[in-house]
Amino acid sequence: MSKSDSALRALFDAARAAQVQAYAPYSRFPVGAAIRAPGGAIFAGCNVENAAFPQGACAEASAIAAMAVAGERRIAEILVIGDGDGLCMPCGGCRQRIREFADAGAPIHVAGPEGVRASFTLGELLPHAFGPEHLPT
């Protein structure tokens, strides 16, 4: 296994472990996400729903929060895992959240229980994105 394969496997394993902890009694669709910061640290999160559905938190938002709490401010790579036959893609809101901390070339991997199903760059998923550099300084 190459270094890049083992690094992707570590992201997958962290996202899968987070998915197992998801609180999804309403959608019954547990999702996990794992972020790799530029220094190699991994931060994971899961979706958390509540009775005021759909006011819960997405797995990507939870992983970003964990990253921020640790003092990190950049996403180098992210992996999202969900069950089912389709791709578990980040929603529009999460694509914008990822954009806050990642550049257009950041890889976003979409996985199912068997492994990575597809990989995209953030620029492919959110072209012509509005980001922090668009705001006045």
Side-chain angles (χ1 to χ4, degrees):
M1 180 180 290
S2 73
K3 183 176 179 180
S4 64
D5 288 343
S6 63
L8 188 56
R9 183 66 198 196
L11 264 185
F12 177 86
D13 290 345
R16 183 73 173 138
Q19 181 191 26
V20 171
Q21 298 303 320
Y23 180 74
Y26 305 104
S27 72
R28 293 181 176 78
F29 193 78
V31 178
I35 291 169
R36 180 183 320 287
I42 294 176
F43 304 95
C46 62
N47 58 324
V48 179
E49 299 174 351
N50 67 60
F53 189 71
Q55 294 299 314
C58 294
E60 299 91 329
S62 296
I64 289 168
M67 178 193 78
V69 166
E72 293 283 352
R73 296 294 184 263
R74 296 297 304 155
I75 295 172
E77 183 175 21
I78 187 167
L79 184 142
V80 181
I81 184 171
D83 295 332
D85 294 332
L87 296 178
C88 184
M89 301 295 290
C91 71
C94 284
R95 292 176 193 201
Q96 187 63 46
R97 286 179 186 95
I98 294 165
R99 172 60 185 89
E100 185 70 19
F101 300 98
D103 62 32
I108 298 175
H109 308 287
V110 181
E114 75 287 352
V116 173
R117 293 177 172 172
S119 296
F120 306 90
T121 65
L122 178 57
E124 290 173 316
L125 296 184
L126 192 65
H128 312 288
F130 184 84
E133 70 279 2
H134 293 99
L135 297 173
T137 55

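Every value quoted in this text rests on a predicted model; they were computed, and no experiment measured them.
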Yes or no on side-chain hydrogen bond (donor to acceptor under 3.5 Å, both in side chains) for Gln19 and Arg16, after CA distance, side-chain angles and deciding distance? CA-CA 5 Å; Gln19 181 191 26; Arg16 183 73 173 138; 2.4 Å; yes
Show the numbers, then the answer: is there a side chain to side chain contact (heavy atoms under 4.5 Å, CB included) between Arg9 and Asp5? CA-CA 6 Å; Arg9 183 66 198 196; Asp5 288 343; over 6 Å; no
Could you go through Leu8 and Leu79, starting from their C-alpha distance and side-chain angles, then the distance that decides it, and tell me whether this counts as side chain to side chain contact (heavy atoms under 4.5 Å, CB included)? CA-CA 8 Å; Leu8 188 56; Leu79 184 142; 4.0 Å; yes
Go through the steps to decide whether Thr121 and Ile108 satisfy the test side chain to side chain contact (heavy atoms under 4.5 Å, CB included), and finish with yes or no. CA-CA 6 Å; Thr121 65; Ile108 298 175; over 6 Å; no
Please list, one pair per line, the donor and acceptor atoms closer than 3.5 Å that link side chains of residues 84-91 to other protein atoms, with sequence neighbours excluded.
none

Distance-only donor-acceptor pairs under 3.5 Å for side chains of residues 53-67, two or more places apart:
unit_1, atom_1, unit_2, atom_2, d
Ser62, OG, Cys46, O, 2.9
Ser62, OG, Cys58, O, 3.3

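In this structure, Arg74 contributes its side chain and Ala37 its backbone to no donor-acceptor pair below 3.5 Å. Checked by atom type and distance alone, the side chain of Asp103 pairs as donor or acceptor with a backbone atom of Ala106 at under 3.5 Å.
Sorted by first and then second residue, the pairs that involve residues 36-49 and meet side-chain hydrogen bond (donor to acceptor under 3.5 Å, both in side chains), not counting sequence neighbours, are Ser27-Glu49, Arg36-Glu77. Applying the ring-ring contact (aromatic ring centres under 6.0 Å, His included) definition to pairs two or more places apart or across chains, those involving residues 102-137 are Phe130-His134. Applying the ring-ring contact (aromatic ring centres under 6.0 Å, His included) rule to pairs touching residues 20-50 yields nothing, sequence neighbours excluded.
Taking every heavy atom of both residues into account, Leu11 and Ile35 meet most closely at CD2-C, 3.8 Å. Nearest heavy atoms, Ala76 versus Pro107: O-CD, 3.2 Å.
Ile98 and Val110 end up in the same hydrophobic cluster when Ile, Leu, Val, Met, Phe, Trp and Tyr side chains are linked at under 4.5 Å. The cluster map of Ile, Leu, Val, Met, Phe, Trp and Tyr, joined by side-chain heavy atoms under 4.5 Å apart, puts Leu122 and Phe101 in the same cluster.
Arg117 is linked by a salt bridge (Lys or Arg N to Asp or Glu O under 4.0 Å) to Glu114, counting only residues two or more places apart in sequence or in another chain.
Contact check for Arg99 versus Pro132: side-chain heavy atoms found under the 4.5 Å cut-off.
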